[in-house]
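Order of the sequence lines fixes the chain letters, A, B, ..., with proteins taken first and strands second; residue numbering starts at 1 for each chain. It should be emphasised that the depicted structure is a prediction, and the values quoted were computed from it without experimental measurement.
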Amino acid sequence: MTETNEPNNEQHLDFIRQIVADDIESGVNDGRVHTRFPPEPNGYLHIGHAKSICLNFGIAAEFGGQCNLRFDDTNPCKEEQEYVDSIIEDIQWLGGQWNGEPLFASDYFQQMYDWAVELIKKNRAFVCDLTADQTRAYRGTLKEQGKKSPYRNRGVDENLDLFERMKKGEFPDGTKTLKAKIDMASPNINLRDPVMYRILHATHHRTDDDWCVYPMYDWAHGLEDSIEGITHSICTLEFENHRPLYDWFLDALEIHHPRQYEFARLNLTYTMMSKRKLLQLVNNRLVSGWDDPRLPTLSGLRRRGFSPKSIRDFCATIGVNKFNSTVDYALLEHCLRKDLNATSPRVMAVLNPLKIIITNFPDGQADELDAVNNPEDESAGTRIVPFSKMLYIERDDFMEDPPRKFFRLAPGREVRLRYAYFITCNEVVKDDNGEVVELRCTYDPATRGGDAPDGRRVKATLHWVSAEHALDAEIRLYDHLFTKENPDDVEDGQDFTANINQDSLKVLGGCKIEPSVKNAESLRRFQFERLGYFCTDADSTPEKLIFNKTVGLRDTWAKIQKQQQNQQKQKQQKKK
RNA sequence: UGGGGUAUAGUGUAACGGUAGCACGACUGACUCUGAAUCAGUUAGUUGGGGUUCAAAUCCCUGUACCCCAGCCA
């Protein structure tokens, strides 16, 4: 978890790491560091969780401590085993190494119950018969204090009896709760006699029907941390208001008292991180599933072709703070490209094939050329790519009437085919519609390998494949799932789905790829030269190759094209 | 006058009373068998107003803006 950002004395520590470092120095917890990552298994992990994972596992690794993986499974209505499994898989993929086995809050239900009984005996908790609506009314508002429940002064014995019968399932859902007896006049609403247990006749994914009462987050979470000997309990900003309650319970029980610290959750442009909304996208089939490559879920990013290292690097780069911010998606892409550039084998693939005939190349013959696998990594070696009379190049790499600054192929122009030969376009063949269907070119045999012995130069190098040898493939191109930087920026009456980008997925058939990728396993990453980074999709097979575009290469020509288009528009507007 | 938080280039972050720096983005240029990568450069900032100090992003006072809280969710 630390490989991308080894902390050292020179390096800046974020405010949480600073606290940890200070605690170690002053001997708090005997210098012990123990964090935890506590997901609720009610959805898939996303890149926002990655920030928390990198923080919690990272701190443990950097300071010689431990980090627990603990499922906060206190609400049986929303939680499922499928989510537990996916969360474990995603953390492992990211590189998080937890202490021992995965832990479950549900394993502590008995201990929590016993502690609740203890609070009742201390007259600091009571069974309340108010309904949910009544409880809300009694709670007061942000500006007005609440009223005490009429059940607040029940005797200890009666409370003990009722609580036990709640547990046994004698009362219907919603008829009774166990509440902490704190302060109905507190300006912090969380302290106005908060509910500790609710009655839920629900089947839990691990404890089955053992329990009819389930602990609330505020009651449960500190206890879980305490039981596990957590030292630093790190959570997101919205729990700041809950910290006094976290502390109140642990103080009341006089048990090990971890300290809670809050940091700002991650926001990313063009992305939506709410679990509820992600669930909505999945359930309403607006995406193909939790692992849709357009989603910010870890499973989606994995399928898209992201490397774990790039995500870790991203998390280290964005830092940790207490104020809300929205990170530019371009920064994520930068971290992605940085890693993929260093590690991805290069390969040639043509997305929109345009046929070329090398008129002076002998019929029925093939040449074999050496190509470098990764110029950033000499140890990656070389491979052979076949060349023959009929080739495909990218349609975008030819223009019959090229504008200024276009230095790819055009009639009469000479370019290089990467690792192969210089070719010159002599003839443009069109169909009845005037569409270019074929180019007839000549090659210079003296330029084999890509260099001209006479020292002459070309302005462009194109990728290509041999028609006879190329593999067919389906290629899926992705764009942002949302058209707006902030998907929640909508007109009145609309929700975020109004901002879904209808062009976020384009499926290209009939793409052509060099034969070396034939047996590429699932999720294998490549750079398609001059195009971008791609990986084999989970559904790809040697019989039907499918690639996902992870991210494009930076594209200066595309920028120039845009500028030229804008200039033309401006000229036209001036004429009008 | 409910409470709790937070404000540094377009974006994300450093500077812990002593030269406001880094990264991303954008823009130049060099190099190039990927219009990639790499390299060099340009651009642009302390929420407003007072105060303390030789010196303030940092300390004090006072405005402003934004975020969170009224689930028997987490």
Side-chain angles (χ1 to χ4, degrees), chain A residues 11-12 14 18 38-40 42 72-75 77-79 128 130-133 135-137 139-146 173-179 186-192 194-200 213-214 216-218 220-221 235-244 262 264 269 275-276 317-335 337-338 341-342 346 348 371-372 375-376 405-408 416-420 422 447 449-451 457-463 485 527-532 552-560:
Chain A
Q11 202 166 30
H12 157 76
D14 61 64
Q18 189 63 59
E40 184 191 12
N42 68 345
D72 205 2
D73 54 349
T74 57
N75 184 357
C77 305
K78 291 186 177 174
E79 295 151 7
C128 182
L130 256 25
T131 64
D133 284 344
T135 293
R136 189 177 313 118
R139 187 156 35 221
T141 69
L142 293 177
K143 296 188 180 185
E144 301 161 54
Q145 61 184 51
D173 289 2
T175 54
K176 282 180 168 51
T177 56
L178 183 75
K179 290 177 176 171
S186 171
N188 182 341
I189 290 186
N190 296 125
L191 261 19
R192 319 237 261 234
V195 174
M196 294 164 62
Y197 278 93
R198 75 281 212 187
I199 300 172
L200 245 33
V213 289
Y214 288 90
M216 298 288 291
Y217 170 86
D218 284 309
H221 203 86
C235 61
T236 44
L237 245 33
E238 67 270 26
F239 293 105
E240 216 158 13
N241 295 323
H242 296 246
R243 188 174 356 116
E262 309 87 12
T269 55
K275 266 193 193 178
R276 199 196 93 239
T317 304
I318 58 176
V320 179
N321 246 321
K322 288 203 69 143
F323 45 90
N324 298 303
S325 58
T326 302
V327 178
D328 194 338
Y329 195 88
L331 182 58
L332 214 210
E333 291 186 324
H334 165 77
C335 295
R337 291 194 185 103
K338 189 166 89 180
N341 177 50
R346 320 275 127 137
M348 290 198 282
V372 173
E376 307 288 328
K405 289 188 181 173
F406 180 89
F407 29 82
R408 278 112 95 144
R416 172 170 35 236
L417 295 182
R418 186 142 163 96
Y419 299 125
F422 285 13
T447 58
D451 286 305
R457 312 182 63 98
V458 288
K459 289 197 84 174
T461 299
L462 309 187
H463 60 276
E485 282 198 10
Q527 183 196 100
F528 291 178
E529 294 232 21
R530 302 210 306 130
L531 295 174
L553 254 24
R554 291 188 62 202
D555 190 347
T556 307
W557 169 238
K559 278 183 196 170
I560 294 171

* Can you check the A:E238 CD to B:C69 P distance for me, whole Å? -> 8 Å
* Asked: Salt-bridged, A:K322 to A:E262, with N to O below 4.0 Å?
  -> yes
* Asked: Between B:C73 and A:R198, is there an OP1 or OP2 to side-chain N/O distance shorter than 4.0 Å?
  -> yes
* **Rounded P spacing from B:G4 to B:U42 in Å** => 47 Å
* Asked: With both distances under 3.5 angstrom, what nucleotide forms a Watson-Crick or G-U wobble pair with B:A40?
  -> B:U28
* Asked: With a non-hydrogen cut-off below 4.0 angstrom, is A:T326 in contact with a base, only sugar-phosphate, or nothing?
  -> sugar-phosphate
* Asked: Do the non-hydrogen side-chain atoms of A:L130 and A:K179 ever get within less than 4.5 Å of each other?
  -> yes
* To do: Tell me what A:T269 touches on the nucleic acid: a base, only sugar-phosphate, or nothing, going by heavy atoms under 4.0 Å.
  => nothing
* Tell which nucleotide pairs with B:G2, taking only Watson-Crick or G-U wobble pairs whose two distances are both under 3.5 angstrom. => B:C69
* When you check the phosphate oxygens OP1 and OP2 of B:U34, does a side-chain N or O of A:H463 lie under 4.0 Å from one of them? -> no
* Asked: Which listed nucleotide (B:A70, B:A36, B:C24) is nearest to the side chain of A:A330?
  -> B:C24
* Asked: A:F407 stacking on B:G35: centroids under 5.5 Å, ring planes under 30°?
  -> yes
* **Protein-nucleotide distance (A:E333, atom CD; B:G25, atom C1'), rounded to Å** => 11 Å
* Structure fact -> Between A:A460 and A:F239, the residue closer to the 5' end of RNA chain B by nearest nucleotide is A:A460
* **C1' spacing across the pair B:U19 / B:A7, given as an integer number of angstrom** => 24 Å
* Asked: Starting at OH of A:Y419 and ending at C1' of B:U34, how long is that distance when rounded to a whole Å?
  -> 8 Å
* Would B:G10 be called syn or anti, given that syn covers angles within 90° of 0? -> anti
* Structure fact -> Separation of B:G12 atom P from A:L331 atom CG, nearest Å, is 10 Å
* How far, in whole Å, is B:G29 from B:C68 if one measures between their P atoms? -> 45 Å
* Whole-angstrom distance between B:U58 and B:G49, as gauged at atom P -> 12 Å
* **Options B:A14, B:C24, B:U34, nucleotide nearest the side-chain atoms of A:N321** => B:A14
* Once you apply the 3.5 Å cut-off to both distances, tell me the Watson-Crick or G-U wobble partner of B:U58, or none. => none
* **P atoms of B:G35 and B:G18, separation to the nearest Å** => 49 Å
* Asked: For A:S325, which contact category applies under a 4.0 Å heavy-atom criterion: base, sugar-phosphate, or nothing?
  -> sugar-phosphate
* Asked: Rounded to whole angstroms, how far apart are NZ on A:K322 and C1' on B:U8?
  -> 19 Å
* Just call it for A:F528: base, sugar-phosphate, or nothing, with non-hydrogen atoms closer than 4.0 Å on any strand. => nothing
* Could you tell me whether the side chain of A:T317 reaches within less than 4.5 Å of the side chain of A:C335, counting heavy atoms only? => yes
* Does A:R136 get its side chain close enough to the base of B:G71, under 3.5 Å, for a donor-acceptor pair? -> no
* Asked: With rounding to whole Å, what would you report as the distance between B:A55 and B:G50 at their P atoms?
  -> 16 Å
* **Touch class at under 4.0 angstrom, heavy-atom based, for A:G319 against every strand present** => nothing
* Non-neighbouring partners of A:D218 that pass side-chain hydrogen bond (donor to acceptor under 3.5 Å, both in side chains), sequence neighbours left out -> A:H242
* Asked: Distance between the C1' atoms of B:U46 and B:U64, in whole angstroms?
  -> 16 Å
* To do: Answer with base, sugar-phosphate or nothing: what part of the nucleic acid does A:K559 contact at a heavy-atom distance below 4.0 Å?
  => sugar-phosphate
* **Closest heavy-atom pair and its distance - A:L142, A:I189** => CD2-CD1, 3.4 Å
* Asked: What nucleic acid atoms does A:L191 come within less than 4.0 Å of, heavy atoms only: base, sugar-phosphate, or nothing?
  -> nothing
* To do: Have a look at A:R139 and say if it touches a base, only the backbone sugar-phosphate, or nothing, with a 4.0 Å heavy-atom cut-off.
  => sugar-phosphate
* Classify the nucleic acid contact of A:P375 as base, sugar-phosphate or nothing, counting any heavy atom under 4.0 Å across all strands shown. => base
* Structure fact -> Closest of B:G12, B:C72, B:U34 to the A:I318 side chain is B:G12
* Asked: Under 4.0 angstrom, heavy atoms only, what part of the nucleic acid is A:R243 near: base, sugar-phosphate, or nothing?
  -> nothing
* To do: Report yes if a side-chain nitrogen or oxygen of A:K275 is closer than 4.0 Å to either non-bridging phosphate oxygen (OP1 or OP2) of B:C73; otherwise report no.
  => no
* Asked: Hey, does A:R346 have a side-chain heavy atom less than 4.5 Å from the side chain of A:P375?
  -> yes
* Counting only distance, no hydrogens or angles, is the base of B:G3 paired donor-acceptor with the side chain of A:N241 under 3.5 Å? -> yes
* Asked: What does B:G17 pair with, Watson-Crick or G-U, if both distances are under 3.5 Å?
  -> none
* Ring-base stacking, A:Y217 with B:A74 (5.5 Å, 30° cut-offs) -> no
* To do: Could you check how far CD of A:Q18 sits from C1' of B:C16, rounded to whole Å?
  => 9 Å
* Indicate, with a heavy-atom threshold strictly under 4.0 Å, whether A:R337 touches base, sugar-phosphate, or nothing. => nothing
* Determine the minimum heavy-atom distance between A:W557 and A:F406, stating which atoms define it. => CZ2-CD1, 3.3 Å
* Expressed in angstrom and rounded to an integer, what is the separation of A:F323 atom CZ from B:A65 atom C1'? -> 15 Å
* To do: Report which part of the nucleic acid A:R457 touches: base, sugar-phosphate, or nothing (heavy-atom distance under 4.0 Å, all strands).
  => sugar-phosphate
* Structure fact -> Of B:C69, B:C24, B:G35, the nucleotide closest to the side chain of A:I189 is B:C69
* Would you please confirm or rule out a distance under 4.0 Å between OP1 or OP2 of B:A36 and any side-chain N or O of A:T556? => yes
* Report yes if some heavy atom in the side chain of A:E376 is under 4.5 Å from a heavy atom in the side chain of A:N341; otherwise report no. => yes
* Under 4.0 angstrom between A:R530 side-chain N/O and B:G35 OP1 or OP2 -> yes
* Quick one: is A:R554 getting a side-chain N or O under 4.0 Å of the B:A37 phosphate, OP1 or OP2? -> yes
* Asked: Taking only side-chain nitrogens and oxygens of A:H12, does any of them come within less than 4.0 Å of OP1 or OP2 of B:A15?
  -> yes
* To do: Remember a base hit wins even if backbone is also touched, and classify A:Y214 as base, sugar-phosphate or nothing at under 4.0 Å, heavy atoms.
  => nothing
* Asked: If we only count heavy atoms from C-beta on, is the A:N324 to A:L237 side-chain gap below 4.5 Å?
  -> yes
* Structure fact -> B:A23 -> Watson-Crick or G-U wobble partner, both distances under 3.5 Å, gives B:U11
* A:T141 vs B:G2: side-chain N/O to OP1/OP2 distance below 4.0 Å -> no
* Structure fact -> Residue pair A:K179/A:K338 against RNA chain B: nearer the 5' end by closest nucleotide is A:K338
* Can you tell which of B:U34, B:A37, B:G4 lies closest to the side chain of A:E376? -> B:A37
* To do: Report the distance from atom CD of A:E240 to atom C1' of B:G3, rounded to the nearest whole Å.
  => 12 Å
* Flag the pair A:L462 / A:R408 as yes when at least one side-chain heavy-atom distance between them is below 4.5 Å, and no otherwise. => yes
* Select base, sugar-phosphate, or nothing to describe what A:E40 touches, counting heavy atoms under 4.0 Å on all strands. => sugar-phosphate
